[in-house]
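Single-structure report; data block below.
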Amino acid sequence: MAKLQPVRGTRDILPEDMRRQRAVVDACRRLAERYGYHEMATPVFEFTDVFRRTLGETSDIVTKEMYTFPVSEEGDSVTLRPEATAGVARAFITNGLQQDLPQKLFYTGPMFRHERPQKGRLRQFHQVDVELIGVAQPVGDVEMIALARHFLREIGLDSDRITLEINTLGDLESRQAYRQALVDYFQQYADRLSDDSRARLHRNPLRILDSKDPGDRRLVADAPQFDDYLNRESKDFFRQVLDGLRTLGISYEINPRLVRGLDYYSHTCFEFTTDQLGAQGTVLAGGRYDGLIEQMGGPSTPGIGWAAGVERLAMLLSQAPQPPRPIAVVPAGEGQEAMALDLTQKLRQQGFPVELGYTGNLRKRLKRADRVNARAAVILGEDEAAKGSATLRDLDSGEQETVALDALGARLAQLG
RNA sequence: GUGGCCAUAGCUCAGUCGGUUAGAGCGCAUGGUUGUGGUCCAUGAGGUCGCGGGUUCGAAUCCCGCUGGCCACCCCA
């Protein structure tokens, strides 16, 4: 701990940033409710097994990218959640929610990943997350994507800034056949693969398709196509998803290199990307996880969901939302201080945002009213106070008028 | 985890070949105005030059280590 600074990869969220992030989260929550999704929450940490059993013991993710702490002599350990879905799935099982399907859930909160930080890639970050559990039909995938698109549009990200990339991973049978074909193909060129991709050959061969190495890309060009290994059911499913998107007028690009490495994923996977965030261009990502709940030890239940990084989206907002413009109550002299305090409280109880300057003369308090972007100032002077009225100064126009105190609320409500 | 670039006031930045009191703009404070904000004018506060070590008569400046940020890779559940 070298200095008084936040831990690497964490940061303070000051009010302006907080407003941006809240605009993102509030928009998502509002829309999710419109689609019939209900907010829930789970703890920020879980027994490590919750994540380990779904991700696999040896993956990079488990071995070096989670925050894991021992909690008992017997070897129990807990992990700060790296994403929301595993916790939601655990809660689904714990609470027996399979009795009440489908579950349509909205989620937001902080997540933790022990990765090297970059812009838009923090170690503590926030996500919004939507899950639809218990729907096996393609219409579920379509609704998910429609909600995602609607949400991104709602916060000002239109088609010219955002691309929907979509792919299918097929069902388990199709995917395993394809994976084997890929391994067979790349195996014969193993000596020509990059070091990274040679390591991926057994750990996660699908990832080779997305390699940035030029040599790898030449080999990828002639690699087996997923399309040739998809069985009829998988093709039908994907076609129905795409048909649904066309029905809704949602444009997309099929990206055959868009993959997920873990076995519980199936069928649809998709990402919304932007070219405005460098290499961290994925702004929202999701897919179908029909095998997850079963793999975790629950009843076989299909699911689909997506998550989006709040910080990344907040960075893309063209401007920070402004806080509401307050009314400033300004006593002209010491004799009016108590009256000002009382009036301030009355106006607040009527629903107005009100700033009461704490110190200083009239000039200083008006200066402060200006700095907080007040819409108007209510000036309580000796003369007016004696008559039960106040001077109302419109801080945009500079115009002033005398208003009786009991008419003040009605008059303020007329201001724009 | 690997490689590269960077770190000077609250913010954005300048600082020559290593040279003695480290600057600007914005912001902030006070006054011009004891009952009137924004504009303007004046004055002022604010710096371990990221931290630690080294070279040197002398280091913000050169060298090494560390911390942090950014960029790319790995990874992206």
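Values reported hereafter were calculated over all heavy atoms of this structure, with side chains retained and with hydrogens, waters and symmetry mates removed. Letters A, B, ... mirror the listed sequences (proteins, then strands); counts begin at 1.
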Expressed as a whole number of angstroms, how long is the span from [X]:[atom1] to [N]:[atom2]?
{"X": "A:Asp263", "N": "B:rA77", "atom1": "CG", "atom2": "C1'", "result": "13 Å"}
{"X": "A:Gln5", "N": "B:rC66", "atom1": "CD", "atom2": "P", "result": "16 Å"}
{"X": "A:Leu380", "N": "B:rU36", "atom1": "CG", "atom2": "P", "result": "16 Å"}
{"X": "A:Leu122", "N": "B:rG68", "atom1": "CG", "atom2": "C1'", "result": "13 Å"}
{"X": "A:Arg368", "N": "B:rG35", "atom1": "CZ", "atom2": "C1'", "result": "20 Å"}
{"X": "A:Asp195", "N": "B:rC75", "atom1": "CG", "atom2": "P", "result": "12 Å"}
{"X": "A:Glu131", "N": "B:rA77", "atom1": "CD", "atom2": "C1'", "result": "12 Å"}
{"X": "A:Arg8", "N": "B:rU67", "atom1": "CZ", "atom2": "C1'", "result": "9 Å"}

Any side-chain N or O of [X] below 4.0 angstrom from OP1/OP2 of [N]?
{"X": "A:Arg363", "N": "B:rG37", "answer": "yes"}
{"X": "A:Gln118", "N": "B:rA72", "answer": "yes"}
{"X": "A:Arg121", "N": "B:rC73", "answer": "no"}
{"X": "A:Arg207", "N": "B:rA77", "answer": "yes"}
{"X": "A:Lys367", "N": "B:rG38", "answer": "yes"}
{"X": "A:Lys64", "N": "B:rC75", "answer": "no"}
{"X": "A:Lys364", "N": "B:rU33", "answer": "no"}

Taking NZ, NE, NH1 and NH2 as the nitrogens, is one of them in [X] or [Y] under 4.0 Å from a carboxylate oxygen of the other?
{"X": "A:Asp49", "Y": "A:Arg52", "result": "yes"}
{"X": "A:Asp406", "Y": "A:Arg411", "result": "no"}
{"X": "A:Glu115", "Y": "A:Arg123", "result": "no"}

State which of [options] makes the closest approach to the side chain of [X].
{"X": "A:Asp370", "options": "B:rG38, B:rC28, B:rC74", "answer": "B:rG38"}
{"X": "A:Lys119", "options": "B:rC28, B:rC71, B:rU36", "answer": "B:rC71"}
{"X": "A:Arg371", "options": "B:rU67, B:rC28, B:rC76", "answer": "B:rC28"}
{"X": "A:Arg393", "options": "B:rG35, B:rG38, B:rC76", "answer": "B:rG38"}
{"X": "A:Arg200", "options": "B:rG37, B:rA77, B:rC75", "answer": "B:rC75"}

Check whether any side-chain N or O of [X] sits under 3.5 Å from a backbone N or O of [Y] as a donor-acceptor pair, and report yes or no.
{"X": "A:Arg20", "Y": "A:Ala314", "result": "yes"}
{"X": "A:Thr391", "Y": "A:Thr402", "result": "no"}
{"X": "A:Arg365", "Y": "A:Gly357", "result": "yes"}
{"X": "A:Ser211", "Y": "A:Asp213", "result": "yes"}

With a non-hydrogen cut-off below 4.0 angstrom, is [X] in contact with a base, only sugar-phosphate, or nothing?
{"X": "A:Thr85", "value": "nothing"}
{"X": "A:Gly9", "value": "sugar-phosphate"}
{"X": "A:Gly398", "value": "base"}
{"X": "A:Asp196", "value": "sugar-phosphate"}
{"X": "A:Asp213", "value": "nothing"}
{"X": "A:Tyr264", "value": "sugar-phosphate"}

Please report the distance separating the [atom1] of [N] from the corresponding atom of [M], rounded so that it comes out in whole Å.
{"N": "B:rG3", "M": "B:rG65", "atom1": "P", "result": "12 Å"}
{"N": "B:rC74", "M": "B:rG19", "atom1": "C1'", "result": "47 Å"}
{"N": "B:rC26", "M": "B:rC40", "atom1": "P", "result": "9 Å"}
{"N": "B:rC49", "M": "B:rC6", "atom1": "C1'", "result": "15 Å"}
{"N": "B:rA22", "M": "B:rU48", "atom1": "P", "result": "13 Å"}
{"N": "B:rA60", "M": "B:rA14", "atom1": "C1'", "result": "12 Å"}
{"N": "B:rG52", "M": "B:rA7", "atom1": "C1'", "result": "15 Å"}
{"N": "B:rU16", "M": "B:rA59", "atom1": "P", "result": "16 Å"}

- prompt: Among A:Leu242, A:Leu258, A:Asn255, A:Ile250, which one satisfies side-chain contact (heavy atoms from CB on, under 4.5 Å) with A:Ile166?
  reply: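 Of the listed residues A:Leu242, A:Leu258, A:Asn255, A:Ile250, the side-chain contact (heavy atoms from CB on, under 4.5 Å) partner of A:Ile166 is A:Leu242.
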- prompt: Between the side chains of A:Tyr289 and A:Glu131, is a donor N or O closer than 3.5 angstrom to an acceptor N or O?
  reply: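 A:Tyr289 vs A:Glu131: donor-acceptor pair found between side chains.
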query: Hey, are A:Ser266 and A:Asp171 close enough side-chain-wise for a donor-acceptor pair under 3.5 Å?
result: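 No, no side-chain donor-acceptor contact under 3.5 Å.
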A:Ser77 versus A:Thr68, closest heavy-atom pair with distance: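 In this case the closest contact between A:Ser77 and A:Thr68 is OG-CG2, 3.5 Å.
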- line: A correct 5'-to-3' footprint of nucleotides 2-7 of chain B, with B, S and - meaning base, sugar-phosphate only and no protein heavy atom under 4.0 Å, is BB----
task: Please report the C-alpha distance between A:Val283 and A:Ile162 in whole Å, then the side-chain angles of each, then the deciding distance to 0.1 Å, and finally whether the side chain to side chain contact (heavy atoms under 4.5 Å, CB included) criterion is met.
output: CA-CA 9 Å; A:Val283 109; A:Ile162 292 284; 4.1 Å; yes
Most 5' of A:Gly381 and A:Asn204 on RNA chain B, judged by nearest nucleotide: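 That would be A:Gly381.
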query: More 5' along RNA chain B: A:Val259 or A:Thr10, using each one's nearest nucleotide?
result: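 It is A:Thr10, whose closest nucleotide lies nearer the 5' terminus.
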- request: May I ask you to check whether over 12 heavy atoms, not counting those of A:Glu253, lie within 6.0 Å of atom CD?
  value: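 Check fails, neighbour count at 12 or below.
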field: Polar pair under 3.5 Å, donor/acceptor by atom type, side chain A:Glu384, base B:rG35
entry: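 Side chain to base: pair present.
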field: Secondary structure string for RNA chain B (Watson-Crick or G-U under 3.5 angstrom, | for other-strand pairs)
entry: (((((((..((((.....[...)))).(((((.......))))).....(((((..]....))))))))))))....
